[in-house]
Amino acid sequence: MDDLCPASGVILHADGLLSKWGFGDGDEPDAYLDWLDEQSLPHPANWHAILRHLVRTRLLPLIVEDVEVYDIETNHNPIRASRVNGVEIDDTRASNDRVLRDLAVNITFTDVYDSQCLFESIPSAP
């Protein structure tokens, strides 16, 4: 089991926005891929688009700090904070600790798949 994904869903931690390596380094969570296989559903064609969508729709609305985010085309974390409460963030430094309150959201695999359906021409889960 990887740290982004418990057995039942994907967990997005707010501090994932602060690092180049956040949100499991931007990788597809193995447990989600296993769940898709168990359901005979397709793997995502563009996990980064799904991750960005989930961060914007599920995580950012819960964060009380003023967070400015940007998208980046990379093989690492594709959505990062550029500023938190007006303070510039260096996404390659560990000194960003405690800039955001400790917050996480757990998104069920079914809800993640529903987001995947938004970006791909695939049917919704049964």
Side-chain angles (χ1 to χ4, degrees):
M1 185 179 331
D2 50 67
D3 64 342
L4 188 64
C5 226
S8 61
V10 172
I11 297 178
L12 299 178
H13 294 271
D15 64 1
L17 289 165
L18 304 176
S19 173
K20 170 182 180 176
W21 302 280
F23 304 120
D25 201 26
D27 294 338
E28 300 164 316
D30 291 337
Y32 177 61
L33 298 178
D34 292 344
W35 179 85
L36 290 171
D37 290 342
E38 291 167 9
Q39 307 300 315
S40 298
L41 296 170
H43 286 204
N46 186 349
W47 172 249
H48 282 185
I50 298 162
L51 179 58
R52 288 181 186 117
H53 173 76
L54 293 171
V55 167
R56 283 194 167 87
T57 60
R58 299 298 196 90
L59 180 63
L60 285 177
L62 302 176
I63 297 175
V64 297
E65 292 85 1
D66 180 25
V67 180
E68 297 174 34
V69 298
Y70 66 98
D71 294 345
I72 183 169
E73 292 300 322
T74 179
N75 60 346
H76 295 286
N77 175 16
I79 182 168
R80 305 179 196 168
S82 58
R83 294 181 168 284
V84 175
N85 292 331
V87 176
E88 190 171 326
I89 299 299
D90 178 349
D91 63 14
T92 62
R93 293 179 38 207
S95 64
N96 295 324
D97 292 349
R98 302 177 193 236
V99 173
L100 290 173
R101 293 173 201 205
D102 187 21
L103 173 79
V105 61
N106 186 359
I107 306 165
T108 66
F109 290 147
T110 302
D111 287 346
V112 174
Y113 184 74
D114 288 344
S115 293
Q116 180 179 337
C117 292
L118 293 173
F119 296 95
E120 302 175 17
S121 298
I122 54 177
S124 297

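Throughout, numbering of the chain's residues begins at 1 and tracks the sequence.
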List the steps and the verdict of side-chain contact (heavy atoms from CB on, under 4.5 Å) for E65 and V99.
CA-CA 9 Å; E65 292 85 1; V99 173; over 6 Å; no
Under 4.5 Å between side-chain heavy atoms, hopping through other hydrophobics if needed: is there a path connecting L62 to L17?
yes
Given side chains that start at C-beta, do those of I63 and L100 come closer than 4.5 Å, heavy atoms only?
yes
Let me confirm one number: the CD1-CG distance from I11 to N106, rounded to the nearest 0.5 Å.
4.5 Å
Taking side chain as C-beta onward, heavy atoms only, is W35 less than 4.5 Å from L41?
yes
Worked check of side-chain contact (heavy atoms from CB on, under 4.5 Å) between S19 and T92:
CA-CA 6 Å; S19 173; T92 62; over 6 Å; no
Under the side-chain contact (heavy atoms from CB on, under 4.5 Å) test, residues paired with A45 that sit two or more places apart:
E120
Check: D27/H76 side-chain N/O donor and acceptor closer than 3.5 Å
no
Going by an N to O cut-off under 4.0 Å, is there a salt bridge joining R80 and D91?
yes
Is there side-chain contact between V69 and V55, with heavy atoms separated by less than 4.5 Å?
no
For the residue pair H53 and F119, does the interplanar ring angle fall in the parallel (under 30°), tilted (30 to 60°) or perpendicular (over 60°) class?
perpendicular
With a 4.5 Å cut-off on side-chain heavy-atom distances among I, L, V, M, F, W and Y, is there a chain of contacts connecting V84 to L103?
yes
Side-chain touch F23/L59, heavy atoms, less than 4.5 angstrom:
yes
Contact between P44 and L36 at the side-chain level, heavy atoms closer than 4.5 Å - yes or no?
yes
D37 and H43: side-chain hydrogen bond (donor to acceptor under 3.5 Å, both in side chains), yes or no, with the steps?
CA-CA 8 Å; D37 290 342; H43 286 204; 2.7 Å; yes
Considering all heavy atoms of both residues, which atom of Y32 and which atom of Y113 are nearest to each other, and what is their separation?
OH-CA, 3.2 Å
Kindly indicate, with the supporting measurements, whether the criterion side-chain contact (heavy atoms from CB on, under 4.5 Å) is fulfilled by F109 and D114.
CA-CA 9 Å; F109 290 147; D114 288 344; over 6 Å; no
For R52, give me all partners under salt bridge (Lys or Arg N to Asp or Glu O under 4.0 Å), at least two apart in sequence or on another chain.
D71, E73
Please check if the side chain of H48 supplies one atom and the backbone of G26 the other of a donor-acceptor pair under 3.5 Å.
yes
Nearest heavy-atom neighbours spanning L54 and S115
CD2-OG, 3.3 Å
Can we say R58 and D111 salt-bridge, meaning some charged N sits less than 4.0 Å from an Asp/Glu carboxylate O?
yes
Q116 vs I122 side-chain heavy atoms within contact, under 4.5 Å:
yes
Using 0.5 Å steps for rounding, measure from the CG atom of D102 to the NE2 atom of H13.
8.0 Å
Test item: W21 and N77 side chains (from C-beta on) under 4.5 Å apart, heavy atoms:
no
Same cluster for I50 and L118 if Ile/Leu/Val/Met/Phe/Trp/Tyr side chains link at under 4.5 Å?
yes
In the hydrophobic cluster built from side-chain contacts under 4.5 Å, what are the other members alongside Y70?
I72
Hey, are the side chains of S82 and V67 touching, using non-hydrogen atoms and a 4.5 Å cut-off?
no
